[in-house]
Amino acid sequence: MIGVLCGLKSEAKIADRIPGVLVACSGAQALQAQKLVKQLADQGVRRLISFGLAGGLSPELQAGDLLLGVSVMATASGCWEADERWNKPLVGQLPDAFCVSFWGSDRTAFTAEEKNLVFRRTGCMAIDMESHIVARAAARYNIPFNIVRAVSDGATFSLPPAARVPLTKEGTIDRSGIWKSIKKQPLQIKDLVTLGLSTHRAMQALKRAVEVLRQIEAG
């Protein structure tokens with residue numbers, strides 16, 4: 001079995017198409033993610049995968065780009081190397097994928113300024129909220145891990161206020177909270193539409209990756 005940790009329910013639905021997986025969704029909550037990844041490891045998975053959307057830190061990355069993790073770093077926690085051998089067949093069948101280093105954070109980088117600061121300080125090309133938790137657990141349980149993500153917001157894009165509304169515990173969008181934010185700041189709608197289109201491209205990239213993973217795991 002493979003254990004997959006996602007932050008969003010929509011990400012989890014895509015990952016669930018991979019044969020022989022156990023998928024957990026944290027709702028982008030660090031403590032919940034730690035609990036869930038421990039449960040996956042305790043169930044005897046042979047590999048852990050961090051799967052879903054990511055923010056771009058490097059200006060080289062564009063929304064919709066597919067990312068395979070080479071490593072992940074986190075504040076005061078060190079650096080972990082992903083399983084390069086597992087990445088190789090994916091790279092061969094997904095030539096548009098980028099092999100990058102990730103910055104793991106317990107909070108989203110909301111603004112272009114924040115992303116640029118993290119990029120300059122760390123050199124990491126992408127950021128997400130689950131990969132460092134997956135990597136830390138993999139090291140603890142002595143099992144390999146990998147990262148499969150896609151860019152939903154590029155380095156120069158600042159998330160609009162509505163996109164900063166916390167997810168529900170189930171990992172779904174808080175529609176009520178988003179609507180309240182839009183009513184308060186209606187000029188953000190243009191940026192929300194841009195983000196929606198970018199997220200759609202990222203989800204399509206994840207679906208392409210899953211189709212390849214289906215073939216690899218089934219064969």
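Numbers here simply count residues along the sequence, with the first being 1. What you see below is based on every heavy atom in this structure, not just the backbone, and it leaves out hydrogens, waters and symmetry mates.
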Glu211/Lys207 under side chain to side chain contact (heavy atoms under 4.5 Å, CB included): CA gap, chis, key distance, verdict
CA-CA 6 Å; Glu211 286 307 307; Lys207 289 177 182 178; 5.8 Å; no

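- Residues Ala205 and Ala150 come closest through the heavy atom pair CB-CB, 4.0 Å.
- Looking at Asp128, Leu8, Thr199 one by one, the single match for side chain to side chain contact (heavy atoms under 4.5 Å, CB included) with Ser152 turns out to be Thr199.
- Hydrophobic clustering (side-chain heavy atoms under 4.5 Å, transitive across Ile, Leu, Val, Met, Phe, Trp, Tyr) keeps Ile173 apart from Leu159.
- Residues Val151 and Leu197 fall into different hydrophobic clusters, defined by Ile, Leu, Val, Met, Phe, Trp and Tyr side chains chained together at heavy-atom separations under 4.5 Å.
- Residues His132 and Asp106 are in side-chain contact: their nearest non-hydrogen atoms beyond the backbone lie under 4.5 Å apart.
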Evaluate the side chain to side chain contact (heavy atoms under 4.5 Å, CB included) criterion for residues Arg120 and Asn116: first the C-alpha distance (whole Å), next the side-chain angles of each, then the deciding distance (0.1 Å), finally the verdict.
CA-CA 6 Å; Arg120 287 191 290 108; Asn116 181 54; 3.2 Å; yes

Would Ile216 and Trp86 count as a side chain to side chain contact (heavy atoms under 4.5 Å, CB included) if you check the C-alpha gap in whole Å, the side-chain angles of each, and the deciding distance to 0.1 Å?
CA-CA 10 Å; Ile216 292 173; Trp86 189 86; 5.8 Å; no

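- Residues Ile182 and Leu167 are members of separate hydrophobic clusters, defined by side-chain heavy-atom contacts under 4.5 angstrom among Ile, Leu, Val, Met, Phe, Trp and Tyr.
- Residue Ala54 comes nearest to Ala126 through the heavy atom pair CB-CB, 4.5 Å, listed as atom of the first residue, atom of the second, then distance.
- Taking every heavy atom of both residues into account, Glu170 and Lys9 meet most closely at O-CB, 3.7 Å.
- A heavy-atom distance below 4.5 Å is found between the side chains of Arg149 and Phe102.
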Return all side-chain donor-acceptor pairs below 3.5 angstrom for residues 60-73, not counting sequence neighbours, or 'none' if the list is empty.
residue: Asp65; atom: OD2; partner: Gln62; partner atom: N; Å: 2.7

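- Thr168 contributes no side-chain N or O that, together with a main-chain N or O of Asp174, makes up a donor-acceptor pair within less than 3.5 Å.
- Placement of Leu94 and Val4 within a single hydrophobic cluster is found when ILVMFWY residues are connected by side-chain heavy-atom separations under 4.5 Å, directly or transitively.
- Residues Asp153 and Lys115 form a side-chain contact, since some pair of their non-hydrogen atoms from C-beta on lies under 4.5 Å apart.
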Under 3.5 Å, side-chain donor or acceptor atoms of residues 18-40 against the rest of the protein: list the pairs with distances, not counting sequence neighbours.
residue: Ser26; atom: OG; partner: Cys6; partner atom: O; Å: 3.4
residue: Ser26; atom: OG; partner: Ala28; partner atom: N; Å: 3.2
residue: Lys38; atom: NZ; partner: Asp42; partner atom: OD2; Å: 2.8

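- Side-chain atoms of Val193 and Ile189, non-hydrogen and from C-beta on, do get closer than 4.5 Å to each other.
- The structure places CZ of Arg208 at 9.0 Å from CG of Leu206, a figure rounded to the nearest 0.5 Å.
- The two atoms that bring Arg46 and Pro144 nearest to each other are O-CD, 3.4 Å, heavy atoms only.
- Going from atom CG of Leu187 over to atom CG of Leu192 covers 11.5 Å, rounded to the nearest 0.5 Å.
- The side-chain heavy atoms of Thr108 and Arg164, taken from C-beta on, include no pair separated by under 4.5 Å.
- Distance check: Ile143 CD1 to Ile2 CD1 gives 10.5 Å after rounding to the nearest 0.5 Å.
- Contact record, Pro160 with Leu195: CD-CD2, 4.3 Å, taken as the closest heavy-atom pair.
- With rounding to the nearest 0.5 angstrom, the CG atom of Leu53 is 13.5 Å from the CD1 atom of Ile127.
- Once rounded to the nearest 0.5 Å, the distance linking CZ of Arg136 with OH of Tyr141 reads 13.0 Å.
- Asp83 contributes atom CG, which lies 7.0 Å from atom CG of Asn87 (distance to the nearest 0.5 angstrom).
- For the pair Arg214 (side chain) and Arg17 (backbone), a donor-acceptor distance under 3.5 Å is present.
- For the residue pair Phe145 and Ala135, the shortest heavy atom distance occurs at CZ-CB, 3.6 Å.
- Using a 4.5 Å cut-off on side-chain heavy atoms (C-beta onward), Leu117 and Phe119 make no contact.
- Under the 4.5 Å side-chain heavy-atom criterion for grouping Ile, Leu, Val, Met, Phe, Trp and Tyr, Trp80 is connected to Met125 within one hydrophobic cluster.
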Applying side chain to side chain contact (heavy atoms under 4.5 Å, CB included) to Ile14 and Phe51, what does each step give before you reach the verdict?
CA-CA 9 Å; Ile14 297 173; Phe51 183 92; 3.8 Å; yes

